[in-house]
Amino acid sequence: MSSLIPGEKISALVSPDNTLNVLSQQEVARLIDRRNVDVYETFRRCALAALNTGAETDNTQEVLDAFHDFSVDVVQQERGIKLRIENAPANAFVDGEMIQGIKEHLFSALRDIIYINNELLENGDTDLSSSEGITNGVFHILRNSKLLHLNTPPNIIVCWGGHSIGESEYEYAKEVGYQLGLRGMDICTGCGPGAMKGPMKGATFGHAKQRLTGRYIGITEPGIIAAESPNPIVNELVIMPDIEKRLEAFVRTGHGIVVFPGGVGTAEEILYILGILLHPENKRLPFPLIFSGPASAGEYFQQIDEFIGLTLGEEAQQRYQIILDNPVEVARKMRVGMNEVTAYRQLTHDAYYYNWVVKIDQDFQIPFNPTHQNMSELKLHKNQPANELASNLRKAFSGIVDGNVKEHGILAVAKNGPYKIHGDSDIIQPLEKLLRSFIRQKRMKIPTDEYTPCYEIVL
């Protein structure tokens with residue numbers, strides 16, 4: 001049941017368990033101070049998303065409107081802090097007590113926002129204007145969240161795919177997760193529902209059979225978290241500052257990627273990883289990448305493969321495999337891939353827990369602001385290296401995601417009309433065809449109503 005039913009709200013005073021045991025007086029003072037409106041509002045939204053697990057909407061504005069009177073304040077005590085929560089979704093509580101997993105997510109959000117704003121941004125210890133500085137910033141955020149485990153061989157499989165998928169695709173993703181869990185691999189996703197929840201749920205059974213303590217890592221960012229609230233299986237949640245650092249975190253910490261069916265967000269992720277793998281310095285980098293789904297997803301992946309071939313070329317198509325209706329084969333391929341990754345990390349003396357060797361150009365790291373002007377000025381033509389075209393196509397899909405589910409984009413499109421996307425016909429026409437297929441298959445948003453495009457392809 002959706003938590004967006006009026007009246008289903010509760011207030012409480014909540015203490016942290018282990019996420020925030022020790023805070024300096026200065027950190028507590030900053031938390032209490034609401035004058036930094038941007039920081040407080042970011043935390044409020046992330047806190048609401050953590051508490052709103054199970055909402056049947058992917059419209060950020062809808063969530064914020066339904067809980068416009070939600071507030072969260074830090075209460076200082078001699079032995080630390082508590083959070084005073086007013087008008088929170090009632091489904092975050094059982095008999096008046098906050099569900100433990102949701103409480104962990106709530107304080108993980110507070111931890112990351114404190115660290116990012118106090119240590120990375122205000123103290124200026126990391127130069128986020130340079131490529132190396134951004135990579136170091138991502139590392140510091142992940143280390144602070146205790147996500148980086150030393151001396152554990154590569155076994156983290158990143159699973160990408162749509163939050164709005166059908167039952168058969170969800171069950172398939174769950175079966176793949178089960179097979180990965182049986183082979184001792186952990187799961188990392190964008191932390192939301194659908195193809196992000198399925199692999200985690202399946203892996204819990206695989207890990208249980210092997211008597212393993214599984215890791216279910218969720219990596220998100222403030223702009224998307226309200227539309228994709230963390231699912232309850234996530235036991236390690238990290239909130240990155242923006243979508244670009246979120247994507248880099250997936251690539252730096254993950255050891256292989258399985259892509260399930262999805263929509264524009266999944267296409268953005270595919271173009272991001274292909275753009276990185278197409279960089280000349282990454283040509284020998286082993287990074288297993290598999291597109292997989294049930295037999296019924298064959299048309300979807302055929303369209304994705306055709307789009308990649310027409311825009312990025314055959315070299316890009318060689319960087320992934322498509323495996324349909326065979327979860328066991330996906331897991332076996334990933335297990336072999338983990339051995340190859342381990343050997344390469346040993347050869348290059350790269351860490352198992354953070355991929356320092358992979359080259360990520362700054363264009364993939366600098367946050368893209370999908371304004372109407374920026375969207376219309378994207379360089380969508382073939383007169384550029386394939387990895388640079390992948391970056392620009394990634395930005396186009398990122399803008400559509402913004403217009404579909406993020407508050408900023410929804411308001412911008414409502415005010416100024418749809419984003420206009422220009423480019424050469426040999427790029428724009430395949431793009432339009434792919435987007436039309438997403439609409440036809442109801443992959444743009446959770447299909448609660450008719451989809452109205454937030455973009456216009458200008459031929």
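Both backbone and side-chain heavy atoms feed into the values below; hydrogens, waters and symmetry mates do not. Counting begins at 1 with the first residue of the sequence.
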When you compare the side chain of [Y] with that of [X], does any pair of heavy atoms fall below 4.5 Å?
{"X": "I257", "Y": "I157", "answer": "no"}
{"X": "M240", "Y": "T220", "answer": "no"}
{"X": "S108", "Y": "I239", "answer": "no"}
{"X": "Q303", "Y": "E306", "answer": "no"}
{"X": "D426", "Y": "H381", "answer": "no"}
{"X": "L142", "Y": "F139", "answer": "no"}
{"X": "I224", "Y": "I243", "answer": "no"}
{"X": "K333", "Y": "P288", "answer": "no"}

Going by atom types only, do [X] and [Y] share a side-chain donor-acceptor pair under 3.5 Å?
{"X": "T204", "Y": "Y178", "answer": "no"}
{"X": "Y353", "Y": "H255", "answer": "no"}
{"X": "Q317", "Y": "D305", "answer": "yes"}
{"X": "T371", "Y": "N369", "answer": "no"}

side-chain contact (heavy atoms from CB on, under 4.5 Å) involving E167 - partner list, sequence neighbours excluded: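 Testing E167 for side-chain contact (heavy atoms from CB on, under 4.5 Å), a comparison that skips the adjacent residues, returns Y170, E171.
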
Enter the distance from [X]:[atom1] to [Y]:[atom2] here, rounded to the nearest 0.5 Å.
{"X": "Q429", "Y": "D424", "atom1": "CD", "atom2": "CG", "result": "10.5 Å"}
{"X": "N231", "Y": "H105", "atom1": "CG", "atom2": "NE2", "result": "7.5 Å"}
{"X": "L271", "Y": "I308", "atom1": "CG", "atom2": "CD1", "result": "6.5 Å"}

Taking all non-hydrogen atoms of both residues, which atom of [X] and which atom of [Y] are closest, and how far apart?
{"X": "A331", "Y": "Q179", "result": "CB-CB, 3.6 Å"}
{"X": "L128", "Y": "G137", "result": "CD2-CA, 4.4 Å"}
{"X": "G256", "Y": "M338", "result": "N-CE, 4.0 Å"}

Among R45, K406, R246, K245, exactly one meets salt bridge (Lys or Arg N to Asp or Glu O under 4.0 Å) together with E221. Which residue is that?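 The option that passes is K406.
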
Counting only heavy atoms not in [X], do more than 12 sit closer than 6.0 Å to its [atom1] atom?
{"X": "K359", "atom1": "NZ", "result": "yes"}
{"X": "Q318", "atom1": "CD", "result": "yes"}
{"X": "F205", "atom1": "CZ", "result": "no"}

With W160, which of F250, Y272, F260 fulfils ring pair (Phe, Tyr, Trp, His ring centres under 6.0 Å)?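 Result: among F250, Y272, F260, F250 is the only option passing the ring pair (Phe, Tyr, Trp, His ring centres under 6.0 Å) with W160.
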
Cation-pi check, R443 to Y300: give yes when NZ or CZ is under 6.0 Å from the six-membered ring centre and within 45° of the ring axis, no otherwise.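 Geometry flag: set, cation within 6.0 Å and 45°.
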
Salt-bridge criterion met for [X] and [Y] (N-O under 4.0 Å):
{"X": "R394", "Y": "E388", "value": "no"}
{"X": "R215", "Y": "E236", "value": "yes"}
{"X": "K395", "Y": "D363", "value": "yes"}

For a side chain to side chain contact (heavy atoms under 4.5 Å, CB included) with Q365, tell me which candidate from D242, I360, V138 qualifies.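 Considering D242, I360, V138, a side chain to side chain contact (heavy atoms under 4.5 Å, CB included) with Q365 is found only for I360.
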
Among L389, I427, N392, exactly one meets side chain to side chain contact (heavy atoms under 4.5 Å, CB included) together with K379. Which residue is that?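 Among L389, I427, N392, the one meeting side chain to side chain contact (heavy atoms under 4.5 Å, CB included) with K379 is N392.
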
Pairs meeting criterion salt bridge (Lys or Arg N to Asp or Glu O under 4.0 Å) with involvement of residues 307-316, two or more places apart: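 Salt bridge (Lys or Arg N to Asp or Glu O under 4.0 Å) check on residues 307-316 returns K283-E315.
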
E41 vs R44, test: salt bridge (charged side-chain N to carboxylate O under 4.0 Å, His left out). Steps then yes/no. CA-CA 5 Å; E41 184 59 22; R44 191 185 82 87; 3.2 Å; yes

Evaluate D38 against F43 for side-chain contact (heavy atoms from CB on, under 4.5 Å), listing each step before the verdict. CA-CA 9 Å; D38 290 341; F43 174 55; over 6 Å; no

Between Y216 and H207, is the ring centre distance below 6.0 Å?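 Yes, the ring of Y216 comes within the 6.0 Å limit of the ring of H207, centre to centre.
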
Would S292 and Y172 satisfy side-chain hydrogen bond (donor to acceptor under 3.5 Å, both in side chains), going step by step from the backbone distance to the final call? CA-CA 9 Å; S292 191; Y172 182 85; 2.7 Å; yes

Could you check E299 against R440 for salt bridge (charged side-chain N to carboxylate O under 4.0 Å, His left out), going step by step and ending with a plain yes or no? CA-CA 12 Å; E299 180 186 0; R440 186 176 67 254; 3.4 Å; yes

Are Y320 and V259 close enough, and set up right, to give a side-chain contact (heavy atoms from CB on, under 4.5 Å), and what steps lead you there? CA-CA 10 Å; Y320 57 84; V259 181; over 6 Å; no

